[in-house]
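Positions are given from 1 along the sequence.
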Amino acid sequence: MVSLDPEQQRAALALHGPVCILAGAGTGKTRTITHRIAHAVATEQVAAGQVLAVTFTARAAGELRSRLRQLGADGVSARTFHAAALAQLKYFAPRVLGGPIPPLIENKARLVAAAASAVGAHPDRALVRDLAGEIEWAKTSLIAPEDYRERAADADRHAPLEFGKVGAAYARYEQSKSDQGALDFEDLLLVTAYSLESHRDVCAEVRARYRYFVVDEYQDVNPLQQRLLDVWLGDRDDLCVVGDPRQTIYSFTGASPNYLLQFTKRFPNAEVIRLHRDYRSTPQIVGLANRLMSRSTERETVGMGLVGQRPDGPVPTISELADEPAEAASVAAQCLALIAEGLPPAEIAVLFRINAASAAYEAALAQAGVPYVLHGGQRYFDRPEVRQALVLLRAAARSEERYCLPEPTQPGGECQPEPRATAVAGASPLPSAVRDVLTSMGWVADDAPSSGAALERWGSLAALVDLALEMSATASGAQLSDLVTELEGRAAAQHAPAVPGVTLASMHSAKGLEWDAVFCVGLVDGLMPIAHAKRAEEIEEERRLLYVALTRARERLALSWHRSRQAGGSGNRRRSRFLTTLDGEHDLGDRRRKSASKQRRADLEPGDAEIFERLRVWRADQAKAGSVPAYVIFSDATLIAIAESRPRTEAQLRMVSGVGPTKWERYGGAVLAVVSGESPDFQTAIESSR
C-alpha cells in the first residue's frame, strides 16, 4: 500500500459495502482497484474466484488480469460485460435454453442491409452503419421495436431514416435474426439477464459464485448492462464502481452517467472517494484540460479539476493551417522530428473526431516515411503473419519441452531449455527464442521496411519480441510455452500487444489509452463539435470528448485546425469554438513562441541571417501575389530553421519542421534557389524593405 497516494490508499482499504470511486483521467484508477481486489483476497475477505470485475474493452480486462496476477490475485474473473454473460450463458444454456447457446452474429451489416431494403431505403455503407447503431441504441436502452418511434422522438434522436421506418427496419431485423435462430451481442446480455431472472436456481448459483463486484468505467453503463448487473448483485451491496463523469462520451449509444452520479441515492451509506492527482500528464496539459472543462455548463463536473503531479513540460501548441493536406503534412513532419529525437513511434498518436479524417494522415505519414498503425483496423490476431508466427511459436514451445530432461543429474530435476534458445549473447532466453522463430519467417530485427504493408507486417512481428522482453523482465524464467499461453489468452480476449508505429485513432477509440505525444487534429466547427450536435447536452458531450483526447497525452500536446478542406479551397472553415476557451493558453504559447523566434533571429550567424533575410523577402512577394498572410507561406520559425540547416536537396529541405509534401510541392524549388543564392539578386529588394 506504500505505493498508493492517500486517496488511492483509502479506496484500496474500503473493502466492503458500496464504494464509489470518482477517478479523474490519469489518477491511477486501475492501480487503485487492482490493489483493492488484491488486498481483499490477501486478507481473506473474499476468495479470488468469488470476485467479478467487469469493464468495457477486452484490452482493459486483459490489463486488469495481468496486474492482478502480478499482485498475487490470480483467479479473479476480470471480463467485459459481454464475455462474462457469454461464459454464464454457455454454462447454463442446457438448463435455461434447453440446449446449446444459439450462434452469435458478430456483424449485423447483412441483416441490417436487408431490413433497410425491406422498408424502401437504399442500404449504402453509411446507412447500414448508422441504422445498426440506432438498433443497438434501442436494444441497450431496453426499447422494443414497437416502442421505438415514440421513444426516439422523446429522445430527439438523430436517426438515419424517419423514425417510423427505423422502427419497421428494427422489427424486420429482429424477425430475420429469430428466423435464423441466432443472437446478436445485445441479445447476449438480455437473454442472460432474463434467464437469471426466470430461473431462481440458476440465479442462486451465480450469486453464490460471485459475491464481490467491481465495475470500471461506470459512467458508460447503459440500461441493459445495469439490468444484468442488478441481477448479479441481488439485494447485496458489495459493489465498487469506478468512473469519471467528465469522460462520459458514449451517450449516443445509450450509456448514461446517471448510474454513477446517482449512486449515493441508491446506496445512501456508500463511501465516496475522489482521485484527483494526475500522474499521467504534465501540469501544462492538465491545466489545458481543466481550462476546457471550466466552461462546462454541467454542475456534476464542477470541482472535479485535476492536479498535475509530474514535472513541467512543453506548453501545448495550437496551430492554424491553410488546408487539411497542409495540416497532415505538418503533423507528419513533427512526428518525424520527434522520432529523430529518439521518441519511439508507438509513443505518438494522431487523434481525430471522425474516422474519415484518417486518410489524409495515412498519406502524409507514408510520404514522410513514418510508420503508423490504424487503431480499429484489422484485428491483430487475425493478421496472417501473426497467425503464422503463433503456429511456429507453438511448435517451438513443444520442441523446447522435448529438450527438458528431468533426470537426477540435474539439481531438483529442473528442465533445461533447448540450447539454441540461449544462443544470443547477452540476451535472455525467451526473447532470443522468439527472434529465432521470427527469423525463420524472414523477419530481420534491425531492418524495418520504410513504409507500406511490409512495414506493417514487420511491426506486427516486432510486437511479439517486445512482449517477450516484457515477460522476461517480470519473470526471469519465462519460456516459450509461457509466451504461447499468454498469447492464446490475449487472442481469446483480443488483447493485442503494442505494435510499433504512430497510432492513428478516433477520439472515441483512444479512450483508455495514452501516449507521450498526442496531436489533436481537425479542430474545426462542424467536426469538433460535430455538426449534428445542437442541444446543450450534445455540445457538452463533444466538450468531454475533446477533454478525453487532451488527457491522453503525457508530455507533448499539439492542437491544430485548417481553414479549408482541400488545398486551394475557399478557406471558410472556422476553428472549433472550444479553442476559444483555450485562448489564454494559446496566447501564452504564441507569446513564448514569438519571443523564442525573436531570440533565435538575434542569435543567427551572419551567413544564416543573410539567408533568412532573402527568404523573408521571397515570402513577402509570395504572400502579396497570393493575397494571403505571410505566415501561411512559412512561419518565421520555419524560415529560421531553413536558414540554419541550409538544405541543398529535396530530402534535406523536407526534414525541416514545417516543410511538408504540400509546401515542398508549392515552394520547394524556389526555396532551394533562394538558399543557394541562384535566384535573382535580392540585395536591392532587401534594402528597400528596410
Side-chain angles (χ1 to χ4, degrees), residues 319-341 360-361 363-370 450-451 560 562-564 566-569 593-594 596-690:
S319 302
E320 173 188 342
L321 283 301
D323 49 59
E324 189 176 37
E327 185 181 13
S330 173
V331 168
Q334 292 177 73
C335 290
L336 198 61
L338 289 173
I339 294 168
E341 291 173 8
Y361 294 89
L365 290 170
Q367 189 164 2
V370 176
S450 59
S451 62
S560 59
H562 53 268
R563 294 190 305 279
S564 176
Q566 309 246 346
R593 287 191 294 277
K594 288 176 180 177
S597 179
K598 185 175 181 180
Q599 185 60 49
R600 285 186 67 190
R601 290 201 302 271
D603 293 340
L604 284 172
E605 296 291 334
D608 297 342
E610 181 181 345
I611 294 174
F612 175 70
E613 287 300 326
R614 295 206 304 263
L615 287 167
R616 285 185 66 193
V617 171
W618 167 82
R619 180 182 65 178
D621 289 342
Q622 294 293 317
K624 183 178 180 181
S627 299
V628 295
Y631 66 82
V632 172
I633 311 299
F634 284 116
S635 67
D636 275 3
T638 300
L639 293 188
I640 291 170
I642 293 171
E644 289 177 330
S645 61
R646 301 190 183 191
R648 294 184 178 276
T649 66
E650 173 188 351
Q652 291 172 346
L653 178 58
R654 289 178 61 176
M655 285 293 290
V656 177
S657 179
V659 182
T662 302
K663 292 291 181 74
W664 160 255
E665 185 175 336
R666 293 180 185 174
Y667 310 119
V671 169
L672 290 177
V674 173
V675 171
S676 67
E678 294 174 0
S679 56
D681 187 6
F682 285 89
Q683 194 59 43
T684 302
I686 291 173
E687 291 296 333
S688 65
S689 69
R690 290 175 176 167

message: So, using side chain to side chain donor-acceptor pair (under 3.5 Å) as the criterion, who are the partners of S564 when residues are at least two apart?
response: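 Per chain and number, S564 pairs via side chain to side chain donor-acceptor pair (under 3.5 Å) with no residue.
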- request: Taking side chain to side chain donor-acceptor pair (under 3.5 Å) as the test, write out the residues that go with R646, two or more places apart.
  value: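 Per chain and number, R646 pairs via side chain to side chain donor-acceptor pair (under 3.5 Å) with D608.
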Hey, what do you get for [atom1] ([X]) to [atom2] ([Y]), rounding to the nearest 0.5 Å?
X	Y	atom1	atom2	value
L653	S645	CG	OG	7.5 Å
L615	E610	CG	CD	11.0 Å
E327	E320	CD	CD	10.5 Å
L365	Q367	CG	CD	10.5 Å
Y361	E324	OH	CD	5.5 Å
R614	S676	CZ	OG	7.5 Å

task: Answer yes or no: is there a donor N or O on one side and an acceptor on the other, between the side chain of R619 and the main chain of I633, under 3.5 Å?
output: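 No; judged by distance alone, with no hydrogens or angles, the pair does not exist.
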Closest approach of [X] to [Y] (non-hydrogen atoms, all atoms of both residues):
X	Y	result
S330	L321	CB-CD1, 4.3 Å
F612	A643	N-CB, 3.9 Å
A360	A328	O-CB, 3.6 Å

task: Would you please name every residue forming a side-chain contact (heavy atoms from CB on, under 4.5 Å) with E341, sequence neighbours left out?
output: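 Expected list: L338, R556.
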